[in-house]
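First up is the structure itself, then whatever we jot down about it.
Only a predicted model underlies this, so the values are computations on that prediction, with no experimental measurement involved. Naming: A, B, ... by sequence-line order, numbering from 1 per chain.
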Amino acid sequence: MLDVKIVRENTAKVLDALKKRNYDSSILDNFLKIESKRRELLKIIEEQREQRNKFSQEIAKLKREKKDASSLLDEAKQISDSITEKEESLRALEEQATQELLLIPNIPHESVPVGKNETENVEIRKWGEPKQLDFLPLNHWDIAEMLNIIDFERASKIAGARFSLMKGMGAKLERALMNFMLDVNTSKGYKEILPPILVNKESMTGTGQLPKFDMELFRIADPEFYLIPTAEVPVTNIHREEILNESDLPIYYTAYTPCFRREAGSYGKDTRGLIRQHQFNKVEIVKFVKPENSYAELEKLTKDAEDILQRLGLPYRVVALCTGDLGFSSAKTYDIEVWLPGQQRYREISSCSNFEDFQARRANIRFKREGKKGTEFVHTLNGSSLAIGRTVVAILENYQQKDGSVTIPEALRPYMGVEVIK
RNA sequence: GGAGAGGUGGCCGAGCUGGUCGAAGGCAGCCGCCUGCUAAGCGGUUGUGGGGGUAAAACUUCACCCAGGGUUCGAAUCCCUGCCUCUCCGCCA
């Protein structure tokens with residue numbers, strides 16, 4: 001959520017941001033219209049309240065002195081009625097104003113490249129060279145089937161399309177990656193968290209999934225819960241409605257969770273294999289930092305995610321998302337894309353974002369500076385380190401051998417207990 | 001699932017026979033005094049959000065005692081609903 005004051009007083013900037021994101025500017029107009037009505041009415045109501053309070057005090061005084069107050073009571077009653085009536089309209093306006101404001105996306109940082117869609121994202125750096133195999137590389141689902149480590153057919157019998165069933169060394173690979181990633185992250189000072197994966201509406205709103213993106217979420221009806229699409233949701237909401245001390249910051253968390261996504265609107269895409277699933281595992285890192293440090297922290301966070309790929313020896317590149325491809329809540333995002341020989345292309349495996357105070361304002365996460373009055377919103381960041389399913393894909397495809405076996409990256413062998421899956 | 005207790009400021013904790021309550025008292029924090037140092041002691045001060053105001057303050061006003069409704073001229077205090085926490089019983093991984 002943006003600062004109402006900025007929206008009101010710096011409308012041009014917000015408008016510019018909407019344009020760069022290919023958003024219709026009408027959402028801003030709607031908001032401003034309602035907001036100005038709201039303020040007008042609020043002013044009138046507050047003046048009347050002041051009057052009412054004065055009457056009440058007068059009445060109290062008279063009663064204490066055992067004097068008659070009936071004439072004042074009539075007048076006070078009138079004002080009070082008038083307030084009650086107006087308060088109803090005010091409530092409606094407030095509700096509308098917030099709803100509109102919640103639909104306005106974050107303002108992209110000035111360093112974000114301007115562009116229409118993902119084709120205009122900018123490559124920042126590359127690590128490793130796409131492997132040149134001396135045989136025709138297979139897709140991961142073919143490799144997995146030959147090794148009998150993933151069973152898509154039975155998964156679909158049990159649950160449906162876009163689910164997977166890991167078996168044997170496949171299941172162990174998934175578990176090994178989880179532990180490996182958590183160990184690397186915690187060794188760097190990220191505190192390990194195992195959060196709820198069902199959350200309430202407030203948490204979903206706090207990080208920006210609601211109200212705009214309910215079509216992408218799985219919801220449980222009774223009692224009402226949402227399945228998290230990413231650990232970002234429960235972990236960022238750890239500090240919802242809290243005022244942190246300056247000395248608490250920065251806070252670094254890492255969490256493994258399953259993630260659940262409807263993938264509505266992606267019917268034709270990635271129908272085979274592990275790339276796009278309704279349920280997948282992910283290790284996430286989340287930071288709460290002081291505003292002046294958040295961009296340096298974004299660089300560090302991205303490097304920490306890259307480090308996992310480097311340790312696994314997987315070639316990748318980092319791209320800066322352009323304004324047209326940037327997520328709703330994000331001010332700046334780097335995607336890390338891993339090389340997949342089976343597809344002969346780079347695919348997203350991590351997304352690292354600085355939300356500045358956008359989520360913090362929604363979730364009301366503040367901090368107090370030492371010796372200073374008042375509070376400020378913290379900046380929140382997060383990134384995948386990494387999406388585990390896609391890491392499995394990358395390992396199978398990059399480490400496949402001519403004989404159909406898959407060697408295990410050095411760093412993972414202590415976790416797997418074997419050097420090769422065959 | 002059954003029975004009961006409770007949710008007040010950074011924390012603890014009064015108030016809850018409605019008015020002078022943004023809220024006693026304590027702790028913690030900050031400023032100062034005092035003591036050779038530390039401790040103790042003494043005095044003062046310290047919530048959040050919005051509006052107006054100012055160069056910035058001062059100042060002023062509205063709201064906030066879990067949340068949402070209601071009663072009333074007036075609610076932390078009375079009534080209803082919801083959420084959460086705790087204790088006991090039952091059931092269960």
Practice task
Pick the C1' atom in B:rA14 and in B:rC30, then give their distance to the nearest Å.
Solution key: 25 Å

Exercise for the section: Kindly say whether A:Arg91 contributes a backbone atom to a donor-acceptor pair with the side chain of A:Arg38 at under 3.5 angstrom? Expected result: no

Problem - C1' spacing across the pair B:rU71 / B:rC79, given as an integer number of angstrom - result: 7 Å

N/O to N/O distances under 3.5 Å, protein versus nucleotides 68-73 of chain B:
from   : atom 1 : to      : atom 2 : distance (Å)
B:rG69 : OP1    : A:Arg91 : NE     : 3.3
B:rC73 : OP2    : A:Lys77 : NZ     : 3.3
B:rC73 : O3'    : A:Ser80 : OG     : 3.3

Practice task
Name the nucleic acid region contacted by A:Arg39, choosing base, sugar-phosphate or nothing; use a 4.0 angstrom heavy-atom cut-off, strictly under.
Solution key: sugar-phosphate

Which donor-acceptor pairs under 3.5 Å do the side chains of residues 173-182 of chain A make with protein atoms, sequence neighbours left out?
from     : atom 1 : to       : atom 2 : distance (Å)
A:Glu174 : OE2    : A:Asn281 : ND2    : 2.9

Exercise for the section: Mind calculating the distance between CZ (A:Arg38) and C1' (B:rG50) to the nearest angstrom? Expected result: 8 Å

N/O donor to acceptor pairs below 3.5 angstrom from side-chain atoms of residues 138-156 of chain A, sequence neighbours left out:
from     : atom 1 : to       : atom 2 : distance (Å)
A:His140 : ND1    : A:Glu397 : OE2    : 3.1
A:His140 : NE2    : A:Leu274 : N      : 2.8
A:Asn148 : OD1    : A:Lys167 : NZ     : 3.2
A:Asp151 : OD1    : A:Glu153 : N      : 3.3
A:Asp151 : OD1    : A:Arg154 : N      : 2.9
A:Asp151 : OD2    : A:Arg154 : NH1    : 2.8
A:Asp151 : OD2    : A:Lys167 : NZ     : 3.4

Exercise for the section: With A:Lys191 as the cation and A:Tyr253 as the aromatic partner, state whether NZ or CZ is under 6.0 Å from the six-membered ring centre and within 45° of the axis. Expected result: no

Would you mind writing out the side-chain donor-acceptor pairs for residues 358-367 of chain A within the sub-3.5 Å range, not counting sequence neighbours?
from     : atom 1 : to       : atom 2 : distance (Å)
A:Gln359 : OE1    : A:Thr380 : OG1    : 2.8
A:Gln359 : NE2    : A:Thr207 : O      : 3.1
A:Gln359 : NE2    : A:Glu232 : OE2    : 2.8
A:Arg361 : NH1    : A:Met1   : O      : 3.3
A:Arg361 : NH1    : A:Asp357 : OD1    : 3.4
A:Arg361 : NH2    : A:Asp357 : OD2    : 3.2
A:Arg362 : NH1    : A:Thr205 : O      : 2.9
A:Arg362 : NH1    : A:Leu210 : O      : 3.0
A:Arg362 : NH2    : A:Leu102 : O      : 2.6
A:Asn364 : OD1    : A:Arg366 : NE     : 3.2
A:Asn364 : ND2    : A:Glu241 : OE1    : 3.2

Problem - Presence of A:Thr375 side-chain N/O under 4.0 Å of B:rU48 phosphate oxygens OP1/OP2 - result: no

Under 3.5 Å, which protein N or O atoms sit close to an N or O of nucleotides 58-61 of chain B? Give each pair with its distance.
none

Give each protein N/O atom lying under 3.5 Å from an N/O atom of nucleotides 83-85 of chain B, with the pair distance.
none

Handout entry: Donor-acceptor contact present, side-chain A:Ser405 to main-chain A:Lys422, <3.5 Å
Key = no

Exercise for the section: Please determine if a side-chain N or O atom of A:Arg8 lies less than 4.0 Å away from the OP1 or OP2 oxygen of B:rG51. Expected result: yes

Handout entry: Same-atom distance (P) from B:rC42 to B:rC59, integer angstrom
Key = 29 Å

Problem - Main-chain N/O of A:Ser384 paired to A:Ser350 side chain as donor or acceptor, under 3.5 Å - result: yes

